[in-house]
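As structure tokens, the structure follows; a few thoughts come after it.
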There are 2 protein chains.
Amino acid sequence: MEAGESPVIRRFSRIFTLTDDERRWLEAVAGPHRTSSPRRDIIQQGRPIPFVAVVQDGWLFRYKRREDGRRQILSFVLPGDLVGLHRRVVPVGGHALQSITPTRLATMSDTQISALAAEQPRLADAMFRLSALELAMMHEHALRLGRMSARERVAHLLLELWTRLRCTGECTSTRFFFPLTQEMLADALGLSVMHIHRMLRDLQNEELISFEDRRLTLRDTEALAELAEFDPTYLGLRRNFALE
Amino acid sequence: MEAGESPVIRRFSRIFTLTDDERRWLEAVAGPHRTSSPRRDIIQQGRPIPFVAVVQDGWLFRYKRREDGRRQILSFVLPGDLVGLHRRVVPVGGHALQSITPTRLATMSDTQISALAAEQPRLADAMFRLSALELAMMHEHALRLGRMSARERVAHLLLELWTRLRCTGECTSTRFFFPLTQEMLADALGLSVMHIHRMLRDLQNEELISFEDRRLTLRDTEALAELAEFDPTYLGLRRNFALE
DNA sequence: CAAATTGCATAACACACGTTATGGACAATG
DNA sequence: CATTGTCCATAACGTGTGTTATGCAATTTG
């Protein structure tokens with residue numbers, strides 16, 4: 001895995017070894033780039049999905065909002081992830097997509113997408129696999145929300161984010177840039193801001209994690225993984241990937 | 001929508017009008033049928049996905065189990081639903097599939113699946129749409145688990161099941177066969193059995209629902225929908241489908 | 001046909017987590 | 001450069017939901 005490659009290529013490289021042709025195709029597919037400042041709704045709930053794109057840079061999240069204002073964050077979207085993939089079959093999205101940091105998306109035209117299956121069947125498979133992975137992450141998210149304690153939920157989510165970042169080379173140690181607010185964590189994990197705060201304080205006091213600046217350090221990944229029963233196989237990685 | 005048709009055909013008919021050719025293809029695609037008695041694991045967590053199939057009859061659910069024995073039910077699988085769709089790209093499943101009632105599955109061969117895109121592009125699209133729907137239901141499930149009260153969760157799930165059953169013609173009134181135990185509801189909704197019991201008792205006392213035999217009656221669907229902010233558009237149906 | 005298990009029910013008690021209130025550091029804004 | 005808002009922090013208190021115990025009818029099992 002070379003430095004300087006786009007996150008998509010690093011992402012696909014995890015699935016299989018890319019041929020030069022496929023590599024070129026992936027580099028060429030990126031249509032016009034769309035940039036966005038932080039805290040902008042890029043796709044709105046109940047509105048048409050405007051494009052298919054690959055995240056080149058930045059963090060985002062998908063969320064649903066209830067009439068009374070309560071918000072549920074469904075998933076975090078990191079560099080190398082795809083958005084809007086279901087545009088062709090479900091033109092109107094049931095959830096919104098919001099940027100957390102400044103972001104850069106590489107859009108893909110509808111014609112490129114529909115030509116994919118015929119021209120690059122292995123890449124089409126890889127995309128299918130990525131969308132299967134998205135479902136698998138939602139399954140794990142349901143497990144977190146339904147059957148984990150607050151403490152476990154926090155630890156589990158932090159480990160998932162760390163693992164996904166390492167998977168595309170966005171992170172190479174146990175410290176990484178962490179732009180999520182406590183409110184976002186609360187809305188992702190089905191908890192109150194107060195309680196997220198308590199859990200983060202506890203984990204810090206126990207020296208399992210620490211914050212400096214806007215950076216998070218996982219000080220004892222094994223203890224965290226045991227605490228949360230974290231097993232990254234659902235991310236399409238082998239069991240001990242997190243402990244390398 | 002005619003009686004006696006297989007649930008798959010009724011399901012696909014909701015998406016678009018099937019040609020005679022497509023109808024024949026769908027009827028022919030059903031390979032060997034697999035039947036199962038209640039409470040059997042048909043697919044096991046961490047084991048290869050043995051086949052792709054359409055549910056012809058019966059209720060099932062997908063679930064994950066934690067090391068300490070706690071269980072999270074991810075989704076309920078009803079007649080007309082597809083299972084094992086990701087087999088080709090993710091051979092090992094991250095969750096199990098269990099039958100609730102006696103079930104009948106119509107399996108589809110791998111060659112049929114891979115020929116689908118070329119031979120029946122509209123059916124392939126419909127399947128893609130069904131898998132997008134599965135993701136949308138997981139999103140709604142996350143919303144239930146993370147940001148609804150126990151009372152709302154119960155009402156919302158009952159309405160979802162009712163709507164899905166009506167969608168394939170399994171149910172035509174507000175009363176339907178309901179094989180879920182309180183334990184299953186608890187494990188689906190992230191609650192304790194005791195609390196599910198409390199909520200069901202309350203809803204019964206308020207005459208919003210009632211049970212006779214193993215049949216559930218929704219006595220006031222509008223009140224339930226308002227209570228739970230239920231809006232079936234995420235099921236690919238128009239907003240007021242539930243109130244027809 | 002016993003025996004064991006499952007599903008449902010009621011009650012008392014416990015606690016994990018939510019709510020509300022308040023303040024301070026910092027960043028964004030006019 | 002005030003001003004406003006955001007994010008984080010600490011504290012006291014309230015409650016929705018979990019836990020444990022127990023019984024009984026219906027079902028499954030040997």
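Residue numbers begin at 1 in each chain, while the letters A, B, ... track the order of the sequences.
A salt bridge is defined here as a Lys NZ or Arg NE, NH1 or NH2 lying under 4.0 Å from an Asp or Glu carboxylate O, and B/R151 with B/E206 meets this definition. Under the 4.0 Å criterion applied to side-chain N and carboxylate O atoms, B/E170 and B/R166 are not assigned as salt-bridge partners. A salt bridge links A/E152 and B/R66; the closest N-O separation between the charged side-chain nitrogens and carboxylate oxygens is under 4.0 Å. The existence of a salt bridge linking A/R70 and A/D187 is excluded, since no basic side-chain nitrogen approaches an acidic carboxylate oxygen closer than 4.0 Å. A salt bridge is absent between A/E140 and A/R144: the closest approach of a Lys/Arg side-chain nitrogen to an acidic carboxylate oxygen does not fall below 4.0 angstrom.
Using a 4.5 Å heavy-atom cutoff, the side chains of A/W59 and A/V77 are not in contact.
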Pair A/L78-A/L60, side chain to side chain contact (heavy atoms under 4.5 Å, CB included): steps then yes or no: CA-CA 7 Å; A/L78 306 179; A/L60 308 93; over 6 Å; no
Candidate pair B/E229 and B/R147, rule salt bridge (charged side-chain N to carboxylate O under 4.0 Å, His left out), full reasoning: CA-CA 12 Å; B/E229 276 186 29; B/R147 283 289 181 249; over 6 Å; no
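Within residues 176-191 of chain B, the residues having any heavy atom closer than 4.0 Å to DNA chain C are, in order of number, B/T181, B/Q182, B/E183. Taking a 4.0 Å limit (strictly below) on heavy-atom distances, residues 196-209 of chain A reaches DNA chain C at A/R198.
We find that CZ of B/F211 is positioned 13 Å from C1' of C/dG7, with the value rounded to whole Å. Rounded to an integer number of Å, the gap from A/H195 NE2 to D/dG14 P is 18 Å. If you take CE of A/M148 and P of C/dA16, they are 18 Å apart, rounded to a whole angstrom. The CZ atom of A/R153 sits 13 Å away from the C1' atom of C/dG18 (whole-angstrom rounding).
Between the side chain of B/R40 and the backbone N or O of B/S99 there is no donor-acceptor pair closer than 3.5 Å.
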Under 3.5 Å, which donor-acceptor pairs do the side chains of residues 191-198 of chain A form with other protein atoms, sequence neighbours left out?
unit_1	atom_1	unit_2	atom_2	d
A/S192	OG	A/H195	N	3.2
A/H195	ND1	A/R198	NE	3.0
A/H195	ND1	A/R198	NH2	3.2

Which pairs would a plain distance check flag for residues 44-55 of chain A, meaning a side-chain donor or acceptor within less than 3.5 Å of a matching protein atom at least two apart in sequence or in another chain?
unit_1	atom_1	unit_2	atom_2	d
A/Q44	OE1	A/R47	NH1	3.2
A/Q45	OE1	A/R65	N	3.1

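Nearest nucleotide to the A/M194 side chain, out of C/dT20, C/dG18, D/dT20: C/dT20. Across C/dG7, D/dT17, D/dG18, the shortest atom-to-atom separation from the side chain of B/A150 is found for D/dT17.
Of the candidates A/R11, A/R10, A/R62, A/D81 forms a salt bridge (charged side-chain N to carboxylate O under 4.0 Å, His left out) with just one, namely A/R11.
Within the 4.0 angstrom heavy-atom criterion, no nucleotide atom of any strand lies near A/R214.
End-to-end axis angle of the helix from C/dC1-D/dG30 to C/dG30-D/dC1, from C1' rotation axes over five pairs per end: 60° (rounded to 10 degrees).
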Listed pairs, N/O of protein and of nucleotides 24-30 of chain D, under 3.5 Å:
none

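OP1 or OP2 of D/dC7 sits under 4.0 Å from a side-chain N or O of A/R39.
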